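These notes are about the structure you will find just below.
Predicted model only: the values in this text are computed from it and were never measured. Counting starts at 1 for both ligands and their atoms, following the listed order.
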Amino acid sequence: MKPRSAQIAGWGTYVPERVLTNADLERMVDTSDEWITTRSGIRERRIAGPDESTSTMGIRAAEKALCRAGLKGSDIDLVISASATPDYMFPATGCLIQDAIGAKCGAFDLEAGCSSFVYGLVVGSQMIAAGGYENVLLVGAETLSRFMDYTDRSTCVLFGDGAGAVVLRACDDAYGVQAFELGADGAGCELIILPAGGSARPATEETVRAGDHYVHMAGNQVFKFATMTLGSCAERVASKAGWKLDEIDVFIPHQANLRIIEAAQKRLEMPMDKIFVNVDRYGNTSSASVPLAMVEAIDAGLIRKDQNIVMVAFGVGLTWAGVAMRWGVDV
Ligand code: ACO
């Protein structure tokens, strides 16, 4: 078989209508627009409506991705739902999405914290490269607002909801994924954790009273890990792809905090106009953040055929993941 790769052949996003601004948060917790913007770069984020969830938002994004790829649900060979906030412990959100889009294929959930979508890019593209599949649907969707304590100013100002989806399709190996890195350091597992509701600590009245069904985060330590990881992972995947840093045309970083992105920009000595940023409008949407940024970069005319794109995510786990991709379709 000829060597082959996988490229992004369709893409779509969905964000809920409700906007929660820094001014709204000032009325909810002891914070200020000034603190939030200077520490994180975030101005507003989206919050899912009562009838929305990770699967419903993921389905909306998936439908757009299928349409852009010119495919029906029945053309999809595999569905991967990448999320840290699935609808349920089980069944898999991937199965809910698979059913809703009319796919007749395997489906599963991939959970690697905020790196889930980029992990999914690697898993899906490797399954295509190995010859097992032609069209893989990858959905990165999150409903973080359901796991936020809106009395805890150290977390609730940072996160938002949304979804992005891509269709990965087999292509000539000159295009698509050229190099990747998956990383994990489980020693940092308690730095961002949702302590209760799993098999280690099932939900009880006491865990709910303690607020352990909400996200707990040691922000400072995560910040240090993130600033070390984002730029260095981008360097490594570019180098594995055989690219010099100035041959990267567009860098799509995980949108957690503008200061983390700026630290990577300095390390990479990359002009800011090559780095797509939308954390100001969505906050940190975890697994949805890279596809939300990627699709907006396409819509802004930043990503074009024959360009070298690097995407890097990091987060819960701790995990990180990077992909170097040569863009192969007309936009
Ligand atoms: N408003 C006002 N003050 C606040 C707020 C707030 N929303 N939150 C915290 N503070 C206070 C703290 O209580 C602290 O006060 P103190 O000095 O009196 O104790 C002070 O601000 C400074 O707190 P720091 O934690 O030192 O602030 P820092 O400059 O580190 O910024 C932040 C905090 C924005 C959370 C930063 O550490 C960060 O971005 N960390 C990384 C978080 C991240 O990216 N997480 C996600 C990765 S995983 C994923 O993507 C899901």
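Formation of a donor-acceptor pair under 3.5 Å by the S239 side chain with backbone atoms of E235 is not found in this model. T13 places no side-chain N or O within donor-acceptor distance of the main-chain N or O of L292, the cut-off being under 3.5 Å. Between the D75 side chain and the K72 main chain, a donor and an acceptor come within less than 3.5 Å of each other. D77 contributes a side-chain N or O that, together with a main-chain N or O of N135, makes up a donor-acceptor pair within less than 3.5 Å. Between the side chain of R45 and the backbone N or O of V157, at least one donor-acceptor pair lies under 3.5 Å. Put simply, the side chain of Q265 gets close to the backbone of M270: a donor and an acceptor are under 3.5 Å apart. Q98 places a side-chain N or O within 3.5 Å of a backbone atom of C105 that can act as its donor or acceptor partner. In this structure a side-chain-to-backbone donor-acceptor pair under 3.5 Å is present from D87 to S55. Of the possible donor and acceptor atoms, none in the side chain of S40 sits under 3.5 Å from a partner among the backbone N and O of T37.
Residue G315 has at least one heavy-atom neighbour below 4.0 Å for each of these atoms of ligand 1: 48 (S). Set against the non-hydrogen atoms of V157, the atoms of ligand 1 under 4.0 Å away are 7 (N). Counting the atoms of ligand 1 from 1 in the order shown, those under 4.0 Å from a heavy atom of F159 are 51 (C). Near A256, meaning under 4.0 Å from any of its heavy atoms, are these atoms of ligand 1: 44 (O). Less than 4.0 angstrom separates some heavy atom of I260 from each of these atoms of ligand 1: 44 (O). The atoms of ligand 1 that sit less than 4.0 Å from any heavy atom of N284 are 46 (C), 49 (C), 50 (O), 51 (C). Annotation for ligand 1: atoms under 4.0 Å from non-hydrogen atoms of N257 are 34 (C), 38 (C), 39 (O). Set against the non-hydrogen atoms of I192, the atoms of ligand 1 under 4.0 Å away are 47 (C), 48 (S).
Ranked by closest heavy atom to atom 41 (C) of ligand 1, the top entry among A226, G113, G219 is G219. Taking each of R153, M217, H254, Q255 in turn, the one with a heavy atom nearest to atom 15 (O) of ligand 1 proves to be R153.
At a 3.5 angstrom cut-off on N or O pairs, R39 counts as close to ligand 1.
Residue-level proximity to ligand 1 for N220 is carried by backbone and side chain together, each with a heavy atom below 4.0 angstrom. With a heavy-atom cut-off of 4.0 Å, T31 touches ligand 1 through backbone and side chain alike. At a heavy-atom distance under 4.0 Å, only side-chain atoms of L158, from C-beta outward, approach ligand 1. Under 4.0 Å from ligand 1, the heavy atoms of C114 that appear belong solely to its side chain. With a 4.0 Å heavy-atom cut-off, ligand 1 is reached by the side chain of W35 but not by its N, CA, C or O.
For atom 7 (N) of ligand 1, the nearest protein heavy atom lies under 4.0 Å away. Within a 4.0 Å radius of atom 19 (O) of ligand 1, the protein contributes no heavy atom. Under the 4.0 angstrom criterion, atom 13 (O) of ligand 1 counts as having a protein heavy-atom contact.
In this structure, the side chains of C114 and V316 come closer than 4.5 Å at one or more pairs of heavy atoms.
Using modelled atom types and a 3.5 Å distance limit, the side chains of S81 and T93 yield no donor-acceptor pair. In the model, E142 has a side-chain atom that pairs as donor or acceptor with a side-chain atom of S287 under 3.5 Å.
The protein atom (non-hydrogen) at minimum distance from atom 31 (O) of ligand 1 is R259 NH2, 3.3 Å.
In this structure, S40 does not count as a contact residue of ligand 1, since none of its heavy atoms falls inside 4.0 Å of the ligand. Close to ligand 1: V222, with a non-hydrogen atom less than 4.0 angstrom away.
Of the listed residues (R43, R46, E296), just one forms a side-chain hydrogen bond (donor to acceptor under 3.5 Å, both in side chains) with Y282, and that residue is E296.
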